[in-house]
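Worksheet for the structure shown next.
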Amino acid sequence: MPPPAYGGTESIIDILARGLVAAGHDVLLAAASGSTCPVAKVPGPPLADGSRIGNGTDELRHSVYAFAAMDDVDLIHDNTLAGPLYRHRPQGTPIVATAHLPFSAENHDIYQAMATDTAIIAISHHQADTAPGIKIRKVIHHGIDTQSVPLGAGDGGYACFLGRMHPGKGLPEAIETARLAQVPLRIAAKMYSAEEHEYYAAVIAPLLGPDVEYLGELNAADKFVLLGGSVALLNPLQWDEPFGMAMIESLASGTPVVATFRGSAPEIVADGVTGYLRSSAPELAEAVIAAATLDRGECRRAAENYFSAERMVAEHLALYEELLAEQK
């Protein structure tokens with residue numbers, strides 16, 4: 001925390017921790033060793049290893065380290081799946097858990113059991129609506145430090161794609177859209193796992209050409225240069241993503257978002273104002289061309305008004321205060 005490049009969840013936890021300290025609170029962060037977030041940290045966890053993200057054993061071990069150090073805190077905000085179910089967590093301490101994953105048949109019973117003694121935060125209304133029988137305490141959209149994002153002019157003459165090498169992200173659809181619009185496409189995507197490398201080699205690499213360039217995974221500074229120079233962020237999602245960090249990062253840089261009607265996209269993109277929501281590649285291509293006429297200042301203002309770190313921190317603090325009041 002924060003991640004050197006790709007890592008939406010890690011970025012959000014880092015932003016929230018910094019924001020809570022700025023608001024006058026003490027924060028103890030349980031994160032991988034080597035994290036540079038400027039708050040007090042739990043000692044002991046191993047160094048970050050991106051190839052092991054999602055490993056159940058690592059998550060359980062991380063939870064043991066974390067809860068052992070949190071006997072005297074007022075409230076615990078857990079961003080793991082395993083942690084809230086750990087039986088040795090401090091008794092009587094309110095636990096908040098953010099659901100970063102989609103609610104699915106596989107994890108439904110886990111979250112349902114978790115909700116009996118844990119306040120669950122959903123990160124979009126769409127995500128919350130897909131959780132029948134699970135008590136969602138609050139929906140809190142992610143936020144970013146908009147003031148640290150340079151406002152771009154969108155004068156690079158290209159569209160961009162930002163994400164990871166996964167079929168659900170819609171990269172082939174983004175390439176088709178850009179070619180229909182006759183706009184060059186620049187791709188920044190993380191590629192760690194064997195599955196991601198296989199997908200790239202089998203599906204994406206054959207689609208590359210002079211008009212479609214894969215840049216690799218970019219650090220934060222280079223990512224915002226890419227976004228700022230782009231006429232639009234192409235985000236033709238093929239799955240119901242709970243929240244799209246790339247979309248609010250794009251808006252903060254002044255760049256409109258062209259996306260499909262999936263997941264949280266309709267909660268982030270104001271159609272015809274900060275981007276366009278369309279279904280087919282020809283419709284998306286027309287939207288890319290039209291995006292050049294949108295007011296980039298409106299995109300930036302939307303990020304500042306609705307997706308700022310300050311708003312996100314304030315909404316978390318309001319929930320924390322509710323839970324602490326209920327303990328009295």
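Small disclaimer: the values here were computed from a predicted structure and weren't measured.
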- Item | Those residues that, when tested against Phe224, pass ring-ring contact (aromatic ring centres under 6.0 Å, His included) (two or more places apart) | none
- Message: I'd like to know if the side chain of Lys138 and the backbone of Ile136 have a donor-acceptor N/O pair within less than 3.5 Å.
- Response: no
- Query: Is the backbone of Asn219 close enough, under 3.5 Å, to the side chain of Asp222 for a donor and an acceptor to pair up by distance?
  - Reply: no
- Minimum heavy-atom distance Val183-Val231, with the two atoms named: CG1-CG1, 4.3 Å
- Would Arg18 and Asp145 pass as an ion pair if we require N to O under 4.0 Å? no
- Validation row: Gln238, Lys169 side chains within 4.5 angstrom (heavy atoms): no
- Task: Step through the shown structure and confirm whether more than 12 heavy atoms of other residues, nucleotides or ligands are within 6.0 Å of CD on Glu106.
- Result: no
- Is Ile121 close to His316 at the side-chain level, that is, under 4.5 Å between some pair of heavy atoms? yes
- Task: May I have the step-by-step check of ring-ring contact (aromatic ring centres under 6.0 Å, His included) for His166 and Tyr199, ending in yes or no?
- Result: CA-CA 7 Å; His166 187 276; Tyr199 178 69; 7.3 Å; no
- Query: Just wondering, more than 12 heavy atoms not from Asp26 lying within 6.0 Å of its CG?
  - Reply: no
- Task: Report, as yes or no, whether the 6.0 Å neighbourhood of atom OH on Tyr306 holds more than 12 heavy atoms from other residues, nucleotides or ligands.
- Result: no
- Message: So for atom CD, which belongs to Gln327, do other residues, nucleotides or ligands contribute more than 12 heavy atoms lying within a distance under 6.0 Å?
- Response: yes
- Query: Side-chain contact, heavy-atom cut-off 4.5 Å: Thr260 with Ser279?
  - Reply: no
- Message: Counting C-beta onward and ignoring hydrogens, is there a side-chain heavy-atom pair between Glu195 and Met165 closer than 4.5 Å?
- Response: no
- Item | Check: Val42 and Leu28 side chains under 4.5 Å, non-hydrogen atoms | yes
- Note on the structure: Correct closest heavy-atom pair for Phe67 and Gly83 would be CE1-O, 3.3 Å
- Message: Quick check: do Met70 and Arg89 have side-chain heavy atoms less than 4.5 Å from each other?
- Response: no
- Query: Does any non-hydrogen side-chain atom of His141 lie less than 4.5 Å from one of Glu267?
  - Reply: yes
- Message: Which label fits Tyr200 and Tyr214: parallel for a plane angle under 30°, tilted from 30 to 60°, or perpendicular past 60°?
- Response: tilted
- Message: Within this structure, what is the CZ-CG distance for the pair Arg278 and Leu284, rounded to the nearest 0.5 Å?
- Response: 8.5 Å
- Which residue pairs satisfy the salt bridge (charged side-chain N to carboxylate O under 4.0 Å, His left out) criterion with at least one member in residues 249-260, sequence neighbours excluded? Lys223-Glu249
